[in-house]
Colleague: 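This is the structure I have questions about; it appears just below.
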Amino acid sequence: MSSKQSSAAVAEAVASCKLKKQQRRRLAAFDFDHTIVSQNTDTVVRDLLPSEVTSARANELVENDCWTEYMAEVFRLLHEQQVPEARIRDTIRGIPEVPGFVRLIKHLAKRLHYDLIIISDSNSVFIEEWLRAHSLADCFVAVFTNPAEFDASGRLLVRAHHQQSDCKLSASNLCKGRVLEHFVIEQDLRRSIRYDHVFYVGDGNNDICPVLRQRACDFACARKGFAMEKHLLRNRSKLKLRAQLLIWKSGFDLMDQMLALPQLQTPQGPSDRDADGDPDPKNEAPEVTRRASAVAGPAKSPN
Ligand SMILES: [Mg+2]
Ligand SMILES: [Zn+2]
């Protein structure tokens, strides 16, 4: 590229940045298994195998904590046992919600105009199937999980979401904290969307990493009686959680707690924007400091 061309490209990029007015929104990021759905999608599908069917490879992978590779082997065995795609999809659709979550998701997305995402160590086939069956697919702006597909012979293939070794809190195939941080930064850079409050809703040990990266204006929402809550409460002083902790029992309970938060009493979404969908200009000032902390992340992150 010549210098003339490149300066023209820069000028164009600057112009398009200026055209995009900043939007301020709220984000809710959800885990899937035992948060939105009441079971573990992987183990429910694994249990379609006759109990005597396993393989040396499956045993070795599960012992070495290679969960995604283990599930890939389980899907190979299901295919070998001629368990059809339709039966796997039916099984996923039949998993009940955690009470109140379908309503919570619809309310946040459609009425309160939150951006919603899922960050899950399940896979794209299971999550998309369940969301479609519950008419929730259009409530989420993105689903981050292990990509999967049925091949022409009906075998389910699954790959790791990414490969990482930086974060010791997370599995090598998925660091949910990294996914959440990248999403927030991308929304700002690409779409000029900034989040005043980020809710992270989960239940498990792999939901610890993302909440430790949250800001003081955010909310870590842990399911009562599950591993995430126990870990956060047991290690409270050591972990230096900056986000406000909400402990929830159901989607109904979480919605009640969210609606009662004093920080959230001013409505957001189309109701406080002008006709172009732009935020009220009087709200612009505090954005600078907030953005700096969102991008910088934790002061002393191990990641
Ligand atoms: Mg979970
Ligand atoms: Zn992590």
Side-chain angles (χ1 to χ4, degrees), residues 28-46 65-68 70-71 92 95-102 104-105 116-124 126-127 130-131 134 136 140 143-146 158 160-185 198-215 218 220-232 235 238-243 245-251 253-254 294 296-303:
F30 293 85
D31 166 53
F32 194 66
D33 292 344
H34 291 293
T35 293
I36 293 176
V37 296
S38 64
Q39 286 165 295
N40 181 307
T41 44
D42 281 342
T43 57
V44 166
V45 169
R46 179 190 62 189
D65 274 339
C66 304
W67 185 259
T68 312
Y70 165 70
M71 285 311 298
I92 291 295
I95 301 176
E97 64 166 331
V98 170
F101 267 77
V102 168
L104 170 70
I105 288 164
L116 305 187
I117 61 173
I118 288 175
I119 311 177
S120 164
D121 201 12
S122 179
N123 70 66
S124 58
F126 292 175
I127 295 172
W130 196 90
L131 292 180
H134 293 80
L136 295 175
F140 292 92
V143 175
F144 301 96
T145 185
N146 303 300
V158 62
H161 175 76
H162 58 212
Q163 284 297 341
Q164 67 91 25
S165 54
D166 299 341
C167 176
K168 306 299 175 214
L169 286 173
S170 303
S172 63
N173 68 299
L174 179 63
C175 170
K176 293 185 175 195
R178 181 198 282 195
V179 170
L180 181 60
E181 271 184 359
H182 280 200
F183 177 78
V184 168
I185 292 169
V198 175
F199 291 79
Y200 184 90
V201 188
D203 74 288
N205 278 320
N206 67 355
D207 301 311
I208 300 291
C209 169
V211 302
L212 294 184
R213 302 186 190 211
Q214 288 185 298
R215 307 160 296 178
D218 296 332
C221 310
R223 188 174 185 184
K224 187 172 178 58
F226 284 66
M228 179 191 187
E229 183 219 15
K230 289 179 186 163
H231 186 95
L232 289 175
N235 303 294
K238 196 173 80 190
L239 288 176
K240 299 196 176 66
L241 181 73
R242 284 170 296 173
L245 183 59
L246 301 181
I247 307 291
W248 56 271
K249 293 182 200 141
S250 69
D253 169 43
L254 181 56
K300 266 194 157 180
S301 166
N303 312 310

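Order of listing sets the numbers, starting from 1, for every ligand and every atom in it. Because only heavy atoms are used, hydrogens play no part in the values below, and waters and symmetry mates are left out as well, while side chains stay in.
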Colleague: Looking only at N, O or S atoms in D31, which is nearest to the Mg ion (ligand 1)?
Modeller: OD2

Colleague: Quick one: CG on N173 to CG on N206, what's the gap to the nearest 0.5 Å?
Modeller: 9.0 Å

Colleague: Has D207 got an N, O or S atom lying less than 2.8 Å from the Mg ion (ligand 1)?
Modeller: no

Colleague: Closer than 2.8 Å to the Mg ion (ligand 1): does that hold for any N, O or S atom in D121?
Modeller: no

Colleague: Calculate the angle formed at the Zn ion (ligand 2) by SG in C175 and SG in C209; 10° precision is enough.
Modeller: 110°

Colleague: Using atom types as modelled and distance alone, determine if a side-chain donor or acceptor of D33 lies under 3.5 Å from a backbone N or O of T41.
Modeller: yes

Colleague: Distance check below 2.8 Å: does S170 bring an N, O or S atom to the Zn ion (ligand 2)?
Modeller: yes

Colleague: Would you mind telling me which of F101, F199, F226, F30 makes a ring pair (Phe, Tyr, Trp, His ring centres under 6.0 Å) with W248?
Modeller: F101

Colleague: Report the distance from atom CG of L180 to atom CD1 of I119, rounding to the nearest 0.5 Å.
Modeller: 4.5 Å

Colleague: Any Lys/Arg nitrogen of R223 or D31 sitting under 4.0 Å from an Asp/Glu carboxylate oxygen of the other?
Modeller: no

Colleague: To the nearest 0.5 Å, what is the distance between CE (M228) and CG (L232)?
Modeller: 5.5 Å

Colleague: Find, among atoms of D33 that are N, O or S, the one nearest to the Mg ion (ligand 1), and state its name.
Modeller: O

Colleague: Looking at D203, pick out the N, O or S atom nearest to the Mg ion (ligand 1) and give its name.
Modeller: OD1

